[in-house]
Amino acid sequence: MSAPAGLPWRRDMRRTSLTFLLAALLALAPATGRSGTDWITGLPRQDVPVASWPNGRKVAVAFILYVEVWGHGQGPNFRPDMTGRKPDLVDEGFREYAINFGLPRTGRVFKEMGVPLSLALNAQFPQDRPEIWKTLRALVPDAPIIAHGLNNSTDLLPLSEGPAAQRAYIRKTLDMIEASTGIRSVGWTSPSVYPDADTFQATAAEGIRYTLDGMDSDVLARLDTKPAPLVMIPYPPSIVDMGQYLSRLKEADDLARLWLDYVRELAREAAADPGRPATVVAIGIHPFVVGTPAGATSLRRVLEGLKAENLVWLTDTEAVMRAAGQ
């Protein structure tokens with residue numbers, strides 16, 4: 001017997017309707033991130049799924065300015081061949097210039113460009129350099145303050161003394177920053193990039209909600225720390241300016257090209273596959289590199305280029321946390 005007239009058409013319509021309904025349900029269903037075990041801590045870890053950032057952006061970029069105490073005779077050396085000199089005027093001058101002129105100059109660039117900035121702060125800095133801190137904070141008053149230990153040379157995390165000592169160090173850092181700034185930091189980045197497996201649990205136990213010590217991803221991830229989970233904002237070592245500048249002998253203009261290429265490729269991937277998760281990158285910057293006149297010029301070029309990218313969201317670390325519902 002032949003099929004009634006119009007039946008195949010109705011079947012096609014039902015199939016089409018079911019297809020659209022399934023697609024809609026999948027779009028509304030909560031996304032799930034990859035689950036697994038973190039290779040450093042051994043703790044359960046899961047990606048934090050973010051479909052897109054505000055206004056449909058797909059790549060979040062947060063610049064982190066490191067505000068650090070090194071101390072006389074300590075810190076990065078511009079001319080390692082001169083470190084045996086007493087006094088070592090070249091290297092001391094390199095460090096002093098970065099603090100006295102580089103930090104305010106970098107703050108001015110972000111203020112003039114209207115781009116958010118996050119500050120990674122050694123707890124001793126506001127007391128050690130009160131006028132510089134006052135000047136910098138006035139330029140970027142809304143920048144989140146990420147705790148960065150006590151200083152960056154002589155008073156690092158006590159890794160050899162166990163979790164309790166690390167918790168005490170972190171608590172002291174947070175207390176000192178709060179006393180100087182009125183802000184209780186909820187973000188952490190370990191001084192001299194030197195944590196261990198216990199650091200993640202210790203920071204979470206002291207009320208830290210996110211860390212920059214995670215360096216192995218393009219997306220947010222959440223560690224199952226106690227008493228609350230710890231979010232890891234990706235902080236790739238390959239694009240931090242200090243390592244590139246001092247160890248790999250890259251100039252600020254080289255870094256400008258590196259940063260633009262890095263972020264634009266993430267944006268290109270997002271445009272090619274709109275269904276992929278939104279990505280995020282924290283870019284570490286230091287006044288030794290971007291705080292010189294030439295460095296500031298290169299930094300402006302980067303910010304101008306990224307502001308023109310439709311899929312890029314220039315933001316700060318705590319805005320990332322809020323947008324991700326963390």
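We use all heavy atoms of the structure for the numbers below, so side chains are in, but hydrogens, waters and symmetry mates are not. All of these numbers come straight from a predicted model, not from anything done at the bench.
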> Can you list the steps and then say if S118 with D316 is a side-chain hydrogen bond (donor to acceptor under 3.5 Å, both in side chains)?
Replying inline: CA-CA 6 Å; S118 304; D316 63 55; 4.9 Å; no
> Is there a side-chain contact between Y210 and M321 (heavy atoms, below 4.5 Å)?
Replying inline: yes
>> I'd like to know if Y235 and V312 are part of one continuous hydrophobic network [Ile/Leu/Val/Met/Phe/Trp/Tyr, side-chain heavy atoms within less than 4.5 Å].
In response: no
> Are I285 and L260 joined in one hydrophobic group, where the rule is that I, L, V, M, F, W and Y side chains link up if heavy atoms are under 4.5 Å apart?
Replying inline: yes
>> Check whether Q244 reaches the backbone of S238 with its side chain - one donor and one acceptor, N or O, closer than 3.5 Å.
In response: yes
>> Can you confirm whether the side chains of N152 and S192 place a donor and an acceptor under 3.5 Å from each other?
In response: no
>> A side-chain contact here means heavy atoms from C-beta on lying under 4.5 Å apart; do D38 and M232 qualify?
In response: yes
>> Assess the residue pair T83 and D91 against the criterion (side chain to side chain contact (heavy atoms under 4.5 Å, CB included)); give the C-alpha distance rounded to whole Å, side-chain angles, the decisive distance to 0.1 Å, and a yes or no.
In response: CA-CA 7 Å; T83 56; D91 289 308; 3.8 Å; yes
>> Let me confirm one number: the OH-CZ distance from Y97 to F78, rounded to the nearest 0.5 Å.
In response: 12.5 Å
> Is it the case that more than 12 heavy atoms not belonging to D81 sit under 6.0 Å from its CG atom?
Replying inline: yes
>> Do D155 and V69 make a side-chain contact, defined as non-hydrogen atoms from C-beta onward lying under 4.5 Å apart?
In response: no
> Which atoms form the tightest heavy-atom contact between L174 and A147, and what is the distance?
Replying inline: CD2-CB, 3.7 Å
> Cut-off 3.5 Å, side chains only: do W259 and D241 have a donor facing an acceptor?
Replying inline: no
>> Evaluate R45 against D224 for side chain to side chain contact (heavy atoms under 4.5 Å, CB included), listing each step before the verdict.
In response: CA-CA 6 Å; R45 166 177 170 170; D224 186 19; over 6 Å; no
> Just by distance, do the side chain of N122 and the backbone of F125 share a donor-acceptor pair under 3.5 Å?
Replying inline: no
> Would you say the side chain of P76 lies within less than 4.5 Å of the side chain of M242, judging by non-hydrogen atoms?
Replying inline: yes
> What distance separates R222 CZ from D47 CG, expressed to the nearest 0.5 Å?
Replying inline: 9.5 Å
>> Has T41 got a side-chain atom pairing as donor or acceptor with A197's backbone, closer than 3.5 angstrom?
In response: no
> Is K134 salt-bridged to E131, cutoff N-O under 4.0 Å?
Replying inline: no
> Given the rule in the side chain to side chain contact (heavy atoms under 4.5 Å, CB included) test, do V320 and W313 qualify, once you have shown the distances and angles that lead to the verdict?
Replying inline: CA-CA 10 Å; V320 166; W313 179 38; 4.3 Å; yes
> Taking the inter-plane angle between the rings of Y169 and W188 on a 0 to 90° scale, is it parallel (under 30°), tilted (30 to 60°) or perpendicular (over 60°)?
Replying inline: perpendicular
>> If you compare all heavy atoms of H148 against all heavy atoms of S190, which two are closest, and at what distance to 0.1 Å?
In response: CE1-O, 3.3 Å
> If you measure from the Lys or Arg side-chain nitrogens to the Asp or Glu carboxylate oxygens, is any gap between D88 and R79 under 4.0 Å?
Replying inline: no
> Only one of V140, V290, V67 forms a side-chain contact (heavy atoms from CB on, under 4.5 Å) with T106, so which one is it?
Replying inline: V290
> When you check the gap from the basic side-chain N to the acidic O, do E251 and R257 get nearer than 4.0 Å?
Replying inline: no
> Do the non-hydrogen side-chain atoms of Y194 and T199 ever get within less than 4.5 Å of each other?
Replying inline: no
>> If we count only N and O atoms by modelled type, under 3.5 Å, do the side chains of D196 and Q166 hold a donor and an acceptor together?
In response: yes
>> Quick check on R184: does its CZ atom have over 12 non-hydrogen neighbours (other residues, nucleotides or ligands) under 6.0 Å away?
In response: yes
>> Under the criterion side chain to side chain contact (heavy atoms under 4.5 Å, CB included), I'd like the reasoning laid out for L255 against V289: C-alpha separation, chi angles, the key distance, then a yes or no.
In response: CA-CA 9 Å; L255 290 163; V289 184; 3.6 Å; yes
> Can you tell me if R209 uses its side chain to pair, donor with acceptor, with the backbone of Q326 under 3.5 Å?
Replying inline: yes
> Hey, are the side chains of R264 and R268 touching, using non-hydrogen atoms and a 4.5 Å cut-off?
Replying inline: no
>> Within this structure, what is the CD1-OG1 distance for the pair I146 and T189, rounded to the nearest 0.5 Å?
In response: 7.0 Å
> If Ile, Leu, Val, Met, Phe, Trp and Tyr residues are connected whenever their side-chain heavy atoms lie under 4.5 Å apart, and connections chain through other members, are L246 and V240 in the same group?
Replying inline: no
> With a 4.5 Å limit on heavy-atom distance, are the side chains of V219 and P49 in contact?
Replying inline: no
> Considering all heavy atoms of both residues, which atom of N151 and which atom of Q124 are nearest to each other, and what is their separation?
Replying inline: ND2-OE1, 3.2 Å
> Got E309 and V59 here, is their nearest side-chain heavy-atom distance under 4.5 Å?
Replying inline: no
> Of the non-hydrogen atoms in L220 and A324, which two are nearest, and what is the gap between them?
Replying inline: CD1-CB, 3.5 Å
> Within a reach of under 6.0 Å around CZ of F101, are more than 12 heavy atoms found that belong to other residues, nucleotides or ligands?
Replying inline: no
> Hey, is R301 close enough to E304 for a salt bridge, meaning N to O under 4.0 Å?
Replying inline: no
>> With side-chain hydrogen bond (donor to acceptor under 3.5 Å, both in side chains) as the rule and sequence neighbours excluded, what pairs involving residues 48-65 come up?
In response: none
>> Looking at G291, is its backbone amide N or carbonyl O close enough to the side chain of R105 to form a donor-acceptor pair, meaning the two atoms are under 3.5 Å apart?
In response: yes
> Which distance, rounded to the nearest 0.5 Å, do you find between the OG of S298 and the CG of L258?
Replying inline: 12.0 Å
> Do the side chains of L119 and W70 join up, straight or via other hydrophobic residues, at under 4.5 Å, putting them in one cluster?
Replying inline: yes
> Taking only residues at least two apart or on different chains, which pairs with a member in residues 61-74 satisfy salt bridge (charged side-chain N to carboxylate O under 4.0 Å, His left out)?
Replying inline: none
> Only one of F63, Y66, F94 forms a ring-ring contact (aromatic ring centres under 6.0 Å, His included) with H286, so which one is it?
Replying inline: Y66
> Is a side-chain N or O of R129 found less than 3.5 angstrom from the main chain of W133, in a donor-acceptor match?
Replying inline: no
>> When you group the ILVMFWY residues by side-chain heavy-atom contacts below 4.5 Å and let the links chain together, are I183 and L65 in the same group?
In response: yes
> Of all heavy-atom pairs between R95 and G75, which one has the smallest distance, and what is that distance?
Replying inline: NH1-O, 3.4 Å
> Distance-only, no hydrogens or angles: does the T225 side chain make a donor-acceptor pair with backbone N or O of Q201 under 3.5 Å?
Replying inline: no
> Looking only at atom types and distance, does a side-chain atom of T211 sit under 3.5 Å from a main-chain N or O of D213, one as donor and one as acceptor?
Replying inline: yes
> For the residue pair M113 and R300, what are the closest heavy atoms and their distance?
Replying inline: CE-O, 3.9 Å
>> Among V281, T279, L266, which residue satisfies the side-chain contact (heavy atoms from CB on, under 4.5 Å) criterion with V61?
In response: V281
> Just how far is it from atom CG of D198 to atom CG of L159, taken to the nearest 0.5 Å?
Replying inline: 8.5 Å
> Taking atom CG of D175 and atom CD1 of I177, what is their separation to the nearest 0.5 Å?
Replying inline: 10.0 Å
